[in-house]
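These notes concern the structure reproduced below.
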Amino acid sequence: MSLNKNILGLIFANMHEDAIPELTGRRTMGSVLFGGRYRMIDFVLSSMTNSGVDEVGVVTKSNYQSLLDHLGSGREWDMARKIGGLHLLPPFSNVTSGMYRGRLEALYGITDFIKASAADYVIMSDCDVVTSFDYDAIFDAHVKSGADITAVYARANLDLEAAARSNVFGIDEDGRVNNVMINPQISGECNVALNTYVISKTLLMTIISEGASKGHYSFARSILQDRCGEFRIMGYKHDNYFSKITSIKTYYDSNMALLSTENRKKLFLDTNPIYTKIRDNPPAKFAIGAKVRNSIVADGCIIEGEVRDSILFRGARVAKGSVVKNSIIMQDTVISRNCTIDSVITDKAVKISDGKILTGSSNYPIYIGKGAQI
Amino acid sequence: MYTKKECVAMLLAGGQGSRLYALTQDMAKPAVPYGGKYRIIDFPLSNCVNSGIDTVGVLTQYQPLVLNDYIGNGQPWDLDKQYGGAHCLPPYQTALGAEWYKGTANAIYQNIAFVDRYSPEYVIILSGDHIYKMDYNDMLQFHKEKGADATIAVLDVPMEEASRFGIMITDDEGNIVDFEEKPKNPRSTLASMGIYVFTWSKLRQYLIDNENNPDEDKDFGKAIIPNMMNAGEKLVAYAFDGYWKDVGTLDSLWEANMDILNPNIPIDLYDPDWKMYSRNPVLPPQYIGENAVVENSMIAEGCIIDGNIDFSVIFEGVTIEKGATVTDSIIMPGSIVKEGAVVEYAIVGENTVVEKGAKIGARPETVENRDDWGIAVVGHNMTIAEGQVVAPRQMVPDIKKK
């Protein structure tokens, strides 16, 4: 970690919400629950903490109650600071801001915040990617290459559906982005954008004011795509483990991928601990007769029944005689006795009464909304 | 806001806990891990917060590094305050010289200035040696209603155990009329829990008088309480009937952990109305593997479990490999139990490695002479070699023999 890096982090909490409308009905993309004890924003925010980016603005638009609740003062990420620290940036925070339509417009709304920062560089990230970003290395590459913009991408095999919810880069031999495809109708191996950019503050301010005067709102369209000949946009290949949420199916698969010890080792690096809000739950309790195999279990769970190939978030309960498999059981969900739950995603605080049988399929898991009683 | 506090807590956390031997070589007893994610001191600290006491002086002396680091600014217990909050109070140097805390009373005496900053009406004295959930505010109200000068919390213990405790003899109205430390023939079964509420102005004077009398012990049980009684002050007993466990010995520490697994014993850590707070580790959730068999146990964050676990308390960041067996045991944070190792009726300290095929402890029924049996203990940061056997009641390192 280099000292005095002078970078402002910007996290866009609402982008890509339409990929998983079920889960973002009442919350931002950043506050979608993931991996047993996390929210999506934890991955980028922790990476920023661990890379020494200690001034961060979280840009949000709507539905942000859960985001505010989760982040609080930012203390858990070491971001409750006198100098720098975490700043929540809701819309309508000043005269220029409002309900933005895209990244560029959102940036326009926080012009004053960016101006006030002493940082020379800005790193922008979204909350749709589960990974450990090494912002240090990304920043160093940006400075070394002398790029106008550094755009982070990864090599990945996308199907039609995932590609249609992604941006894909064409990259020349020198590593320069020479083509930007937005939500393309393609499939196969490609350079998928991870929606993470480094740019100097000066250039960013210019882009923002130009965009505002022309009525442009999309950073991807009006800057990356339209001006990739004019700006020197360099690709940065992210080689760490990642998964990108583009649908409820990829959300499900990305969670289940954590059942692989190899994947967990790649995501949860010793050098990049992932911080999250503390709930002060006691450890998980396994009762007499509990049977748990190949599952992730968070603090505060009480398991009396059987759990296989599943992810249990903090405070989930599985009563005697119940079988839970291939499922994602979110925070404080209670599964009463003698239920069979297979390929189901239960949102927070769902109550399933005795004897219910709920079966989805791994390519189409059933989703049960927050607080539902079945 | 910056006026005064009605009641300040003084938590005696300097104890060595010498009867925990290997576990307290590098840390004070209140810092010893308990219950899967806690340390003993989390109980009095959480009780304070849940009782509405937001000013706590933590008196440290023996091996304070782990404890100081753990308590920090008190934030995990909501005890980071502009006025009040948690404060570690080690012995210090004055213009007249420096001395260690010479006893429980002297530790408070040396911190009169700390207490005076808050001008409290009352002071509650706690120790970092016990596992229990108690509303100190109820005890404080009782103290006020009785118009007492000192209130001592007592637990009704079985007669056969009474001689292990400080025993209070009371009259019909609950006034303490006599006091015996570990009596051979107990006259009562009311055992002192080491929790005292004092009217501060009274206690303050008794502490000063005690300090000025070189012939007296500098201890609550040996000097302050008898002195107050002899002077005719009003001392009352406050009866407590919940779960309370002194974890001063290896056996009692083991038992207290096993008590959490017993649904019939009333120490509910899951009660949302009386949360136990602690400093939380930054670790991913635990993973229970394909080969794991886990029953009747508590397991904390960051563990990777692929072995067999029964009747055990597993702290954060522990790895139990495939084919390893842990039963009736406590595995403290960060330790690894490798393939084929067997841990039974044992306490394994922090960051210890139990190599393949090692055997620690044994079930009592497998030992011919029951008198030879006991909990096996491995200290912190140890390595038990491949195939090594740690017999029941054995301790590694063997502190007892030193």
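Letters go in sequence order (proteins before strands), and every chain restarts at 1.
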Point to revise | Part of B/Lys37 within contact of chain A (heavy atom distance under 4.5 Å) | key: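 For B/Lys37, backbone and side chain are both near chain A.
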
Check your understanding: Is the backbone of B/Tyr277 close enough, under 3.5 Å, to the side chain of B/Trp77 for a donor and an acceptor to pair up by distance?
Key -> yes

Point to revise | Exam field: side chain A/Asn294 to backbone A/Asp309, donor-acceptor pair closer than 3.5 Å | key: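 Side chain of A/Asn294 to backbone of A/Asp309: no pair is present.
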
Exercise for review: May I ask you to name which of A/Thr261, A/Ile288, A/Ile296 has the most heavy-atom pairs under 4.5 Å with chain B?
Suggested key: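 Most pairs with chain B among the choices: A/Ile288.
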
Exercise for review: Pick whichever of A/Lys291, A/Glu304, A/Arg264, A/Arg279 has the most heavy-atom pairs under 4.5 Å with chain B.
Suggested key: A/Arg264

Practice item. Step through it carefully: locate the ring centre of A/Tyr38, locate the ring centre of A/Phe268, and say whether they are under 6.0 Å apart. Key: yes

Check your understanding: Is the B/Phe43 ring parallel, tilted or perpendicular to the B/Tyr38 ring (thresholds 30°, 60°)?
Key ->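 Answer is perpendicular, since the angle exceeds 60°.
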
Review point. Should the pair A/Phe133 and A/His238 be assigned to parallel (<30°), tilted (30 to 60°) or perpendicular (>60°) ring geometry?
Key: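 Judged by the thresholds at 30° and 60°, the geometry between A/Phe133 and A/His238 is tilted.
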
Side chain / backbone / both / neither for [X] at chain B, heavy atoms under 4.5 Å:
X: A/Arg308; value: neither
X: A/Ala290; value: both
X: A/Ile302; value: side chain

Point to revise | Interface residue of largest heavy-atom contact number with chain A, from B/Asp306, B/Leu283, B/Ile304, B/Ile309, under 4.5 Å | key: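 Of the candidates given, the most pairs with chain A belong to B/Leu283.
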
Check your understanding: Most heavy-atom pairs under 4.5 angstrom with chain A, which of B/Gln286, B/Gln75, B/Glu290, B/Met298?
Key ->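 Top count of heavy-atom pairs under 4.5 Å with chain A: B/Gln286.
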
Review point. Do any pairs count as a side chain to side chain donor-acceptor pair (under 3.5 Å) and have a residue in residues 257-266 of chain B, sequence neighbours left out, and if so which ones?
Key: B/Tyr243-B/Asp259

